[in-house]
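Index from 1, following the sequence. As a basis for the values below, the full set of heavy atoms in this structure was taken, side chains included, without hydrogen atoms, waters or symmetry mates. We count ligands from 1, going down the list as the structure has it; atoms in each ligand are counted the same way.
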Amino acid sequence: MTDPATIAPEVTDLDALRAAAKDCTGCELHECAGPAVVGAGSAGAWLMLVGEQPGDQEDKAGEPFVGPAGKLLDRALEQAGIERDTVYVTNAVKHFRFEQRGKRRIHKTPAVGHIRACRPWLDAELRIVDPPVVGVLGGVAGKALLGPKFKITEHRGEVLEWEGRVLVPTVHPSSVLRGEPERREEAFDALVADLKVVAAQRR
Ligand code: URA
């Protein structure tokens, strides 16, 4: 048993965090998904990007944002002038929540209970990485960090003061992939524009 509420506040570096979180039993998602997928990047990164949860490919690879949404994020970061290897990339929820349909595992949005159960890991990542800038990717990350009423659509691209850090919310990269094909380019450009706001916060 690994209860994040008791273990996460004690971990002092990312290796210890990764080792402890791997066996997390803080909610029922560990029963079906692979080992918890924690963030990738280094302590001291200037920027932490917080997504929703690992997808099918991330669950298999054990790394965040390596699937289609991750590839789109890489392109958007590059166009915004942000090198991914300077960034710590993580998720609000560390296990993949899905529904099995035949051979396919279909993404299911994590519930408030999953976000809450996982929050100690995110807090530990914030404490250890200590990024001056946080980029919030989508509604689940927004709710995890800013509360259940937070709406990304009302605040995307804004520069907010949050717990001694600068925080910029934007949409989740998979929303660009899910949108109508004829509006995809526009949605991608809007994501890049928000990420340029993030880039401008680098000191
Ligand atoms: N979507 C996320 O929010 N995170 C990932 O790691 C992959 C897809």
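- For residues 173-182, the set of pairs meeting the side-chain hydrogen bond (donor to acceptor under 3.5 Å, both in side chains) definition, not counting sequence neighbours, comprises His172-Ser174, Ser174-Arg178.
- In this structure a side-chain-to-backbone donor-acceptor pair under 3.5 Å is present from Arg165 to Pro131.
- Here Val176 pairs with Leu72, Arg184, Ala187, Phe188, Leu191 under the side-chain contact (heavy atoms from CB on, under 4.5 Å) rule; sequence neighbours left out.
- Checked against salt bridge (Lys or Arg N to Asp or Glu O under 4.0 Å), Arg203 has no partners two or more places apart in sequence or in another chain.
- Contacts of ligand 1 (protein heavy-atom distance under 4.0 Å) are Gly51, Glu52, Gln53, Pro54, Gly55, Glu58, Pro64, Phe65, Asn91, His172.
- Screening Val134, Leu167, Asn91, Val140 for a side-chain contact (heavy atoms from CB on, under 4.5 Å) with Val50, the sole residue that qualifies is Val134.
- In this structure, Arg183 places its CZ atom where only 12 or fewer heavy-atom neighbours from other residues, nucleotides or ligands lie under 6.0 Å away.
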